[in-house]
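Beneath this line is the structure, given in C-alpha cells, with notes to follow.
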Amino acid sequence: MNLQQVSYANELEPEPGPRTLANPTTPWNSRLRELAKQRQFSQALTLYRHMLRSGCFPNTFTFPVALKSCALLLFPLLGSQLHAHVLRSGCESDPYIRTSLISMYCKCSLVHNARKVFDEIGQWRNFTICYNALISGYTFNSKIFDSLVIFGRMREAGLLVNSVTMLSLVSGCTLPNHLGIGMCLHGCCFKFGLDSDLSVANCLLTMYVKCGEVQRARELFDEMTEKNLITWNAMISGYAQNGLAGHVLELFRDMKLSKIRPDPVTLLGVLSSCANLGAQSIGSEVERQIEYCGFGSNSFLTNALINMYARCGNLVKARAIFDSMAEKSVISWTAIIGGYGIHGHGEIALNLFYEMIKSGIRPDETVFVTVLSACSHAGLTDEGLKYFDAMEMNYGLQPGPEHYSCLVDLLGRAGRLKEAMNLIKSMKVKPDGAVWGALLGACKIHKNVELAELAFERVIELEPSNIGYYVLLSNLYSDAENLEGVLRVRVMMKERKLKKEPGCSYVEYKGKVHLFFSGDRNHSQTEEIYRMLDELESLVKEIHPSSENEEILVGTGVHSEKLAIVFGLLNTKPGIDITVMKNLRVCVDCHLFIKLVSKIVNRRFVVRDATRFHHFSDGVCSCKDYW
DNA sequence: TTAGGGTTAG
C-alpha cells in the first residue's frame, strides 16, 4: 500500500455522510465520468470523496467509475471500502457493479475476493458480463487455466459467448507453451462466428506473435479482409520483437501504401528495426515523421531514436538528442550508455553512469547489463568487477544470469578462466545458456579445450539448436588440430539438422543497400572488387602471414566483410569513413585483414557486427577485447 | 468485461 492510498483511506473513513435531497447525484456522476474519460483517476477519487462529504449519496452510476479508478491506481484498500459502500447503498445486486467489483479486485491481485463476489452473485450469475470479468481477471493474473474452467462453466450454463469472452481468454496465451490452447481458442472463435470480429482477430494475431509463431501470425494477417491501425502495429511489432527487422521495414512500406497513418507504437517498432539493421537513412526519415506528426514529446520515441542513432554509428546525433531531453529516465540513460559501450568507449560510458547516479536516477538491472558489457568491450576488467559488486551492495539489486554472463565474458576475455568458472559455481541463480556460452567463448580465445568441452556440454543442454556454440567448439578443435573433434561436432550438427545462417555484409551507398555473401559474385562491380581484393591480400600477406583456418564450417569462400570493405574503397573518396554492417560476428581473420588494410590505404573503416562496433584506423581497432 | 509499445550481453 502506498502513501497516497493511506491518505485517501484515512479521509474516506467516516463516509458516506447523511443523504440530503438538496444534493442530487446526477451532476456528480457526470463529472466523475468525464474525469475517468480523461483518465484522471486520482481526481475522480477526490471528487468521490467530496461527493460523500457534501451529503450526496452514491448510486449505481457512481460505483463503476470509482471502482475502475481504484483498479487502475492499484488501491485495494480503498477498493474494499468502496465495496462496503456498495453494500450499504443496497446496490450490490446490480450485475454491472458486481462486474466492476470483480474487475477491481482482480486488477489489485486480490483474485480470492473477486471469486467471492462472483460466487455470491446467486440469481444474478447468469450474466455474461460477470463471467467475462472473472475470466479477464484470471487472465490478468496469469491464471489461464482458471479462466478456462470458468469458460467451461459458462458453456455448460448455455450462456452467450461474446467477443469480450474470447478477447479475455486469447490474451492469456502469451508463452510458446500456450500455443496449443491458443489454437483451440482460435477454433472456438471460428465456431462462434467471432473470428471475423476485428478486435478478436487482432488479439489472435498477437497471441501467435507472443507464442513465437510469427509465420502463422502473418498468415492470419494476410487472411484478414479488414485491418486497422492495431492490426498493422501488432504485426510490425511482432516482427520487430522476433528480430525480423527486414520484414518490419517491408511491412511499414506496405502500410504507407494502404494509407493507414502510423502512430507512435508503429514508429517504435520501425525504429527498433532500423537500429538492428543499421538502417540510418530510414531511421532519419522516421525522425522527420515524428516531428511532422507532432509526436516529438513522446519519450518512448526519443529513447528509441537515441538507441537507433547509436546503433547506426551516429553517436554524435544520439548524444545530441539525449542532451536535449528535459527529463531523462533510466531508459534514456541506458540507451546512451549502451551506445558508448558498443562503440568501445567504456570510460565515457562509466562517466555517464556516474552522472546518472549524481542526477538522482536509481539504476536498475538493465542499466547494469549495459555497464558491464561496456567494461567488457573496453577491456576494463577490474572496473567491471567493481560495478558487479556495487550492484548488490550499494543498490540492493540481485544479479541475474544476464549479469553473470557479462562477468564471465569479462573475466574470460582477460584470461581469468578459473575465476570465471568459480563465479559460475558460486551463482545463486541457475546459469543459463548465455553464461556457459560466454565461458565457451573465452575458452576459444585462450585455447582451453578441456574447459570448453565442459562448457559446451552444459550449453547445448540448455540451447541445443544454437548453432553458434557448435561452430565455436569446432573452430577451437580446429585450432588445436584435433580433427577428430571437428568431425564429431560436424556429425552432431548433421544429426540435429542444424545449418549455419549464411554470413552477409552490407554497405549503404547512395541510398541503396549493397549486400554481399561469402564468395558472392553477383554484384555489378564483381570483377573490380575481386581484382582489388587480390592486390590487397598480397600486400597484407607481405606484412603479416595470416591464418586461413577460421570458420571452416562455412567453406573457404571469400568472406563477405572483405567484399563489402573493398566495395567501399572503390566507391568512396579518401577521407570518408567506410561503414560496413555484418549480420554475424566479424571473424578473426577479417578483423586482422581490415586492421592492416586501414594502415596500407590510410582509410578509416567502421564495421558493425552482431555485438558491437569496430573502428579501424592506422592499423588499430578501437575494441580492446577482440582476440 | 476489450486487442498493439522504449532500454539488455552472446
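Just so we're on the same page: letters track the sequence lines, and every chain starts at 1.
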Practice item. Would you indicate, yes or no, if B/dG10 has its OP1 or OP2 atom less than 4.0 angstrom from a side-chain nitrogen or oxygen of A/H403? Key: no
_Could you check whether A/K107 makes a cation-pi contact with A/F140, meaning its NZ or CZ is under 6.0 Å from the centre of the six-membered ring and within 45° of the ring axis?_
yes
| Closer than 4.0 Å, any side-chain N/O of A/Q241 to the OP1 or OP2 of B/dG5? | yes
Could you check whether any side-chain heavy atom of A/F456 comes within less than 4.5 Å of a side-chain heavy atom of A/Y470, counting everything from C-beta outward?
yes
Using a cut-off of less than 4.0 Å, is there contact between a side-chain N or O of A/T611 and OP1 or OP2 of B/dG10?
yes
Checking B/dG10, B/dT1, B/dT8 against the side chain of A/N132 (C-beta onward), the nearest is B/dT1
- Query: Below 4.0 angstrom from OP1 or OP2 of B/dT7, is there any side-chain N or O of A/R311?
  - Reply: no
**OP:** For A/D254 and A/W232, run side-chain contact (heavy atoms from CB on, under 4.5 Å): C-alpha distance rounded to whole Å, both residues' side-chain angles, the deciding distance at 0.1 Å, then the answer.
**Re:** CA-CA 10 Å; A/D254 295 347; A/W232 287 93; 4.0 Å; yes
Ranking B/dG5, B/dG10, B/dG4 by distance to the side chain of A/P264, first place goes to B/dG5
When rounded to whole Å, the CE to P distance for the pair A/M356 and B/dT7 reads 17 Å
Any heavy-atom pair between the side chains of A/F322 and A/W333 that's under 4.5 Å? yes
Rounded to the nearest 0.5 angstrom, the CZ-OH distance for A/F151 and A/Y138 is 16.0 Å
| task | Test for a donor-acceptor pair under 3.5 Å between the base of B/dG5 and the side chain of A/N233, counting only N and O atoms. | result | no
Among the nucleotides B/dA3, B/dT1, B/dT8, whichever has the atom closest to the side chain of A/T370 is B/dT8
Counting any heavy atom closer than 4.0 Å, what does A/S103 reach on the DNA or RNA strands: base, sugar-phosphate only, or nothing? sugar-phosphate
Rounded to whole Å, the CE-C1' distance (A/M391 to B/dT8) equals 12 Å
A/D197 atom CG is separated from B/dT2 atom C1', nearest whole Å, by 10 Å
Using a 4.0 Å heavy-atom cut-off, does A/N303 contact any base of the nucleic acid, only the sugar-phosphate backbone, or nothing at all? base
Using only side-chain N and O atoms of A/S272, determine if any of them is under 4.0 Å from OP1 or OP2 of B/dG6. no
A/L229 CG to B/dG5 C1', in whole Å, measures 12 Å
Here the distance between atom P of B/dG10 and atom CG of A/N466, to the nearest Å, is 13 Å
Are side-chain heavy atoms of A/V369 and A/E365 found at a separation under 4.5 Å?
no
Ranking B/dG10, B/dG6, B/dG5 by distance to the side chain of A/S299, first place goes to B/dG6
Separation of B/dT1 atom P from A/L67 atom CG, nearest Å, is 9 Å
Winner on side-chain proximity to A/F300, out of B/dG6, B/dT7, B/dG10, is B/dG6
Check your understanding: So what does A/A438 touch, heavy atoms closer than 4.0 Å: a base, only the sugar-phosphate, or nothing?
Key -> nothing
Considering only heavy side-chain atoms of A/A133, the closest of B/dG10, B/dG4, B/dT1 is B/dT1
The nucleotide from B/dT7, B/dG10, B/dA9 with an atom nearest the side chain of A/N307 is B/dT7
In whole angstroms, the gap separating P of B/dT1 from CZ of A/F63 amounts to 15 Å
>> Measuring to OP1 and OP2 of B/dG4, would you say a side-chain N or O of A/N202 lies under 4.0 angstrom away?
In response: no
Using 30° and 60° as the class limits, which term best fits the ring planes of A/Y239 and A/H247: parallel, tilted or perpendicular? parallel
Q: Quick one: label A/S405 by what it contacts on the DNA or RNA (base, sugar-phosphate, nothing), any heavy atom closer than 4.0 Å.
A: base
Quiz item: If you look at every strand shown and take non-hydrogen atoms under 4.0 Å, does A/N162 touch a base, only sugar-phosphate, or nothing?
Solution: nothing
Here the distance between atom C1' of B/dG4 and atom OH of A/Y239, to the nearest Å, is 16 Å
- Output yes when at least one side-chain N/O atom of A/K107 is less than 4.0 Å from OP1 or OP2 of B/dT1, else no. no
Practice item. Under 4.0 Å between any heavy atoms, over every strand shown, what does A/D364 touch: base, sugar-phosphate, or nothing? Just pick one. Key: nothing
Can you label the angle between the A/F118 ring and the A/Y131 ring as parallel, tilted or perpendicular, going by 30° and 60°? perpendicular
Margin query: Under 4.0 Å, heavy atoms only, any strand: does A/S136 hit a base, just the sugar-phosphate, or nothing?
Written below: sugar-phosphate
Considering only heavy side-chain atoms of A/T99, the closest of B/dT1, B/dG5, B/dG6 is B/dT1
Out of B/dA3, B/dG6, B/dA9, minimum distance to the side chain of A/I331 belongs to B/dG6
Regarding the side chain of A/R585, the nearest nucleotide among B/dG10, B/dA3, B/dG6 is B/dG10
Are A/N228 and B/dG4 close enough that a side-chain N or O sits under 4.0 Å from OP1 or OP2? no
